[in-house]
**Student:** 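Structure below; questions to follow.
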There are 2 protein chains.
Amino acid sequence: MNKQSYLAAAERHCLLRGCKLTTLRRHILELVLEHDGVVKAYQVLADLQRERGVAAPPTVYRALDFLVEQGLLHKVDALNGFVVCSHFECNHHGLILVCEMCGRVEEIDASHFLGALQEVTEAVGFESREQNLLLTGVCKACHA
Amino acid sequence: MNKQSYLAAAERHCLLRGCKLTTLRRHILELVLEHDGVVKAYQVLADLQRERGVAAPPTVYRALDFLVEQGLLHKVDALNGFVVCSHFECNHHGLILVCEMCGRVEEIDASHFLGALQEVTEAVGFESREQNLLLTGVCKACHA
DNA sequence: AGGCGACTGTTATATAATAACATAATGACT
DNA sequence: AGTCATTATGTTATTATATAACAGTCGCCT
Ligand SMILES: [Zn+2]
Ligand SMILES: [Zn+2]
Ligand SMILES: [Zn+2]
Ligand SMILES: [Zn+2]
């Protein structure tokens, strides 16, 4: 999926959810899309400043939080970063693999697995919030 | 397991692994043990300062990193915190459930799951580093 | 027009983590 | 014991990450 159609789909996705992908939010989503893999908030901030002049952290964080909330991005806690979700339309349960060396991200479907996981947690009365699990490690390429 | 026997076991554990639980590291482990659930580095720092006078961040971070490396603590990325591992001696694959509301932590064994998980990731050539998985959500008590 | 709710701008600050270098303690070897 | 390498700790400064708080703007409804 190229960037233009991704952005169009993202816009539809937000509308369906009753909220708006504003110019700013869309801009920031574009900036994230420019990168491969994990992107950091302050990197996005720098990009934004380069393109638009002055900008402050809250501007970026608010937009990123919005995008995460809408499922367009996933937050990568282990790296203080964000990654694009490439299949936000299906109600997926993804397993996100982040390479510690190159920063590349691979999101694989693990619905069956995470369903089973949910059973385990529910057995102890725990209601899990996230539907996307994240693992850090070393990818195929870097692992050689 | 009470604190004294935990600390003794921790000391043995380190020796077996060919490194030392020094006075400082032990002290910081004790400070973590004082709390329930997730503890933050700067909280430990404050505790240390209260007990010992002056102390700086690197002192705490180095000790915490050591303890994580030895498997005595787990790092909770999602909350920038640390939790005690209560069964570091068995070669466990734990699933750590962190309550977003109260901060309490429950570590349940999920070896069979994580074994299956490993198979999935290996299928795409990814070598996962962590053996302990973390989920955030809402615990039984807070969930009512 | 007026008021409301959302989004955004702006300034300041809080929180988390590390770099870089200095000093001290430990242990191996002669 | 004395030398030397290694590890651990102290110290200062800085970088990185994230949020609070308030002010202004804009579209929309009445
Ligand atoms: Zn996804
Ligand atoms: Zn890689
Ligand atoms: Zn554990
Ligand atoms: Zn709770």
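A, B, ... follow the sequence lines: proteins, then strands. Residue 1 opens every chain.
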**Student:** Mind checking whether B/Tyr61 and B/Phe82 have ring centres under 6.0 Å apart?
**Tutor:**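 Between B/Phe82 and B/Tyr61, which both carry aromatic rings, the centre distance is not below 6.0 Å.
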
**Student:** Does A/Arg62 make a side-chain N or O approach to OP1 or OP2 of D/dA20 shorter than 4.0 Å?
**Tutor:**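 So the side-chain polar atoms of A/Arg62 never come under 4.0 Å of the phosphate oxygens OP1 or OP2 of D/dA20.
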
**Student:** What are the residues of residues 63-70 of chain A, sorted by number, that bring a heavy atom to within less than 4.0 Å of DNA chain D?
**Tutor:** none

**Student:** How would you list, by chain and number, every residue that makes a side chain to side chain contact (heavy atoms under 4.5 Å, CB included) with B/Arg104, sequence neighbours excluded?
**Tutor:**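 Once residues adjacent in sequence are excluded, the partners of B/Arg104 under the side chain to side chain contact (heavy atoms under 4.5 Å, CB included) criterion are B/Asp36, B/Cys102.
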
**Student:** Can you find a heavy atom in the side chain of A/Val124 that is under 4.5 Å from one in the side chain of B/Glu106?
**Tutor:**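 Yes, close enough: below the 4.5 Å cut-off.
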
**Student:** Is there a donor in the side chain of A/Glu107 and an acceptor in the side chain of A/His74, or the other way round, less than 3.5 Å apart?
**Tutor:** yes

**Student:** For A/Asn80, what residues pass the side-chain hydrogen bond (donor to acceptor under 3.5 Å, both in side chains) criterion, not counting sequence neighbours?
**Tutor:** none

**Student:** Carefully, step by step, assess B/Gln118 and B/His93 under the rule side chain to side chain donor-acceptor pair (under 3.5 Å).
**Tutor:** CA-CA 11 Å; B/Gln118 195 138 1; B/His93 284 235; 4.8 Å; no

**Student:** With nearest nucleotides of DNA chain D determined for A/Pro58 and B/Ala55 from heavy-atom distances, which residue corresponds to the more 5′ nucleotide?
**Tutor:**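 The residue closer to the strand's 5' end, by nearest nucleotide, is B/Ala55.
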
**Student:** For A/Glu30, give me all partners under salt bridge (Lys or Arg N to Asp or Glu O under 4.0 Å), at least two apart in sequence or on another chain.
**Tutor:**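 A/Glu30 satisfies salt bridge (Lys or Arg N to Asp or Glu O under 4.0 Å) with A/Arg26 only.
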
**Student:** Is there a side-chain contact between B/Leu117 and A/Phe113 (heavy atoms, below 4.5 Å)?
**Tutor:** yes

**Student:** Take B/Ile108 and B/Leu97 through the test side chain to side chain contact (heavy atoms under 4.5 Å, CB included) and record every step on the way to the result.
**Tutor:** CA-CA 8 Å; B/Ile108 67 185; B/Leu97 306 176; 4.1 Å; yes

**Student:** Nucleotides 15-17 of chain D: which of its N/O atoms have a protein N/O under 3.5 Å away?
**Tutor:**
from	atom 1	to	atom 2	distance (Å)
D/dT17	OP1	A/Lys40	NZ	2.7

**Student:** Quick one, A/His35 with A/Asp47, criterion side chain to side chain donor-acceptor pair (under 3.5 Å). Give me CA distance, side-chain angles, the key distance, then yes/no.
**Tutor:** CA-CA 11 Å; A/His35 296 271; A/Asp47 294 348; 2.9 Å; yes

**Student:** Below 4.0 angstrom, which residues in residues 12-30 of chain A have at least one non-hydrogen atom near DNA chain C?
**Tutor:**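 Listed by number, they are A/Thr22, A/Leu24, A/Arg25.
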
